[in-house]
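Each remark here refers to the structure printed beneath this line.
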Amino acid sequence: MNPNIKTESAIKLNEASLARLTSDVHIPQYDRHQITNGIIHIGVGGFHRAHQALYLDNYFHQHPNSDWGICGVGLLEFDQRMRDALKSQDCLYTLVERSPESDNARVIGSITQYLFAPENRQAVIDALAHPQCRIVTLTITEGGYYYIEGSGEFDVNHPTIQHDLQHPDQPIGVYGFLTAALDQRRQQGLAPFTVLSCDNLQGNGNIVKKMLTTFAELHDPELGRWIADHVAFPNCMVDRITPATTPADIEMVRNQFGIEDAFPVVAEPFLQWVIEDNFCAGRPELEAVGVQFTNNVHPYEMMKIRLLNASHLLIGYLGTLMGYSYVHEAMADRLIRQAVEQLMEEVTSTLQPVPGIDLDTYKKTLIERFANPKIRDQLPRLCFNSSAKLPKWVLSPLREKLQQGESIDYLSLMIAAWFRYLNGLDDQKKPISIDDPMADALTQRAQAGGSDPSSLFGLSELFGDLPQSSRFVEAVTHHLRNLYDLGAKETLIGLLQVHQ
């Protein structure tokens, strides 16, 4: 790393400029033009570029001339910035791994093509239908699966779903594109591809299978049966804390490494990927670069979602209410840190034994990862789209704790903290921006109900029958009243004293 690089001497990142980058920046040592794209990834964001694309970049260094390159796809107008950045840089980008001790940069070359669906939907369908495509991977966020948490059913009435059922040749949603391509493959006598969800959903493969086959059956019952019988949907667990790229990150890459990159990505050093070994059209031998293949992903999924993802939500709500902006700032607060530790202890009894993992060590590592000051992970990212996250990550262990008759102090605190957060003002009366597809309904109910959670509990699509549990309702109501009357800090002090 060279802190003395002048901004004006920074090199615009593209294939032609790779050789000019400083020696402390690792660059692809394989011929990208000899790579063919056997993988299409839908939803290219920071996480995919710091995780799956990195694993494939490592793989190509061991297996040049591979046919497992990545073609990225953006479905949303929001993806235009990614399209512009990648296309201007020959699909290259900088990944910086940041630890408290050092920053390490490398240029990732595993994405060799990018398709922007809004400008050419047919090109995306054709790429998916091409026999070269053998795996389709997804990072489309928890809300992108059109899965109704309260019932477990497919949200067939969602406008995107209705559009794609009525306009199968001009899809806008992921199921419309996948169905159109799979239908084309079936009619041409081609084998299907594997669909691999890389989102933080427990049983993500099972969920995408149910949702896609339901959609396809509505379009064509015979196609739906063919997909159910022939397409593979592995479950997988992914893990790497990857904050959203900021202007400060772009400046850091320019100043420290001399690279002019329109859309670099920053991540922590930790990296993990566990995949169910269930593929219908072959796969790269990613175990050679550290991916773990197993017949049962479930224990790993539960560990990660219930310890890491659930803790992230608690940090997000409490940290925001107490006036913090970044995760590491919140974790430097003794009260929040102890609350996170207590939450982890509370959910541990709902976990299965995880092969090769010591849970006490894992939890300690999580605390260290959350506290990494170099990552500068922003609390709004953790709270984003909570109506999709919280039911999936928190309510399942909460139901199990109720059935076990065990303490739900911190799980119910999290629900209460979310309700208090949805009021839209922190404990200093500063406004909170609620970024959620259900924001209007949620904030209206939170503001009308105040310290009474019953209006929010009325959202059955989120809570199902949970509000029929008096113990659950009483616990959330108790915490919510304290959060309104005392504030988050005093609420935590009181709760932690009870547990000492």
Side-chain angles (χ1 to χ4, degrees), residues 141-153 155-160 309-310 312-323 343 379-399 402 408-488 491-492 495:
T141 77
E142 296 76 22
Y145 290 84
Y146 306 103
Y147 171 79
I148 302 173
E149 184 63 36
S151 65
E153 297 306 313
D155 188 2
V156 67
N157 295 317
H158 191 281
T160 296
N309 295 113
H312 258 169
L313 291 178
L314 186 63
I315 296 166
Y317 305 143
L318 293 176
T320 301
L321 291 173
M322 293 170 68
L343 173 69
L379 295 178
R381 184 187 79 85
L382 274 54
C383 303
F384 168 73
N385 202 5
S386 285
S387 63
K389 295 175 177 175
L390 187 139
K392 295 175 175 64
W393 299 347
V394 178
L395 297 189
S396 292
L398 201 151
R399 290 174 189 275
L402 286 170
I408 57 167
D409 274 350
Y410 286 88
L411 286 163
S412 57
L413 171 67
M414 191 181 327
I415 307 296
W418 184 43
F419 288 0
R420 171 64 186 83
Y421 165 92
L422 290 171
N423 185 275
L425 293 174
D426 68 15
D427 287 345
Q428 295 76 40
K429 307 299 182 186
K430 294 180 181 177
I432 298 170
S433 177
I434 310 298
D435 194 350
D436 192 293
M438 294 181 63
D440 291 344
L442 291 167
T443 55
Q444 184 178 1
R445 288 175 182 244
Q447 291 166 2
S451 60
D452 179 358
S454 57
S455 180
L456 283 160
F457 282 151
L459 293 167
S460 59
E461 65 267 39
L462 301 183
F463 293 100
D465 62 355
L466 256 179
Q468 296 177 20
S469 165
S470 59
R471 191 156 75 92
F472 168 67
V473 172
E474 289 168 7
V476 174
T477 302
H478 170 73
H479 293 313
L480 188 57
R481 286 175 179 163
N482 283 342
L483 288 167
Y484 271 100
D485 295 343
L486 306 175
T491 297
L492 287 179
L495 187 55

Sidechain-backbone polar pair: [X] side chain, [Y] backbone, donor-acceptor under 3.5 Å:
X      : Y      : answer
Lys389 : Cys383 : no
His479 : Tyr410 : no
Asp426 : Lys430 : yes

>> Taking side-chain contact (heavy atoms from CB on, under 4.5 Å) as the definition, give me every residue that meets it alongside Ser451, ordered by chain and number, with sequence neighbours left out.
In response: Arg481, Tyr484
> Under a 4.5 Å cut-off applied to non-hydrogen side-chain atoms, are Asp427 and Arg420 in contact?
Replying inline: yes
>> Could you tell me if the side chain of Ser387 sits less than 4.5 Å from the side chain of Leu442, heavy atoms only?
In response: yes
Would you compute the distance between atom [atom1] of [X] and atom [atom2] of [Y] and round it to the nearest 0.5 angstrom?
X      : Y      : atom1 : atom2 : value
Asp452 : Phe457 : CG    : CZ    : 9.0 Å
Tyr421 : Ile434 : OH    : CD1   : 4.0 Å
Leu413 : His478 : CG    : NE2   : 9.5 Å
Trp393 : Glu142 : CH2   : CD    : 4.5 Å
Leu483 : Phe419 : CG    : CZ    : 11.5 Å
Leu398 : Ile415 : CG    : CD1   : 6.0 Å

Using every non-hydrogen atom in the two residues, find where [X] and [Y] come nearest and quote the distance to one decimal.
X      : Y      : result
Leu318 : Ala417 : CD2-CB, 4.2 Å
Leu379 : Gly316 : CD2-CA, 4.1 Å
Gly450 : Leu480 : O-CD2, 3.5 Å
Leu343 : Met414 : CD2-CE, 3.6 Å
Leu456 : Arg445 : CD2-CB, 3.9 Å
Asp436 : Asn385 : OD2-C, 3.3 Å

> Side-chain donor-acceptor pair under 3.5 Å between Tyr317 and Ser386, yes or no?
Replying inline: yes
> Is any NZ, NE, NH1 or NH2 atom of the basic residue among Asp465 and Arg399 found under 4.0 Å from an Asp or Glu carboxylate oxygen of the other?
Replying inline: yes
> Phe463 vs Phe472 aromatic rings, parallel, tilted or perpendicular, using cut-offs 30° and 60°?
Replying inline: tilted
>> For Glu461, is the CD atom crowded, meaning more than 12 foreign heavy atoms sit under 6.0 Å from it?
In response: yes
> Under the side chain to side chain contact (heavy atoms under 4.5 Å, CB included) criterion, do Asp485 and Thr491 qualify, and how do the steps go?
Replying inline: CA-CA 9 Å; Asp485 295 343; Thr491 297; over 6 Å; no
> Do Leu390 and Leu395 pass the side chain to side chain contact (heavy atoms under 4.5 Å, CB included) test, and can you show the C-alpha distance, the side-chain angles, and the key distance before you say yes or no?
Replying inline: CA-CA 7 Å; Leu390 187 139; Leu395 297 189; 4.2 Å; yes
> Run the side chain to side chain contact (heavy atoms under 4.5 Å, CB included) check on Leu321 and Ile432 step by step: do they pass?
Replying inline: CA-CA 9 Å; Leu321 291 173; Ile432 298 170; 4.2 Å; yes
>> If you apply the rule side chain to side chain contact (heavy atoms under 4.5 Å, CB included), what do you find for Val394 with Leu314, and how did you get there?
In response: CA-CA 10 Å; Val394 178; Leu314 186 63; over 6 Å; no
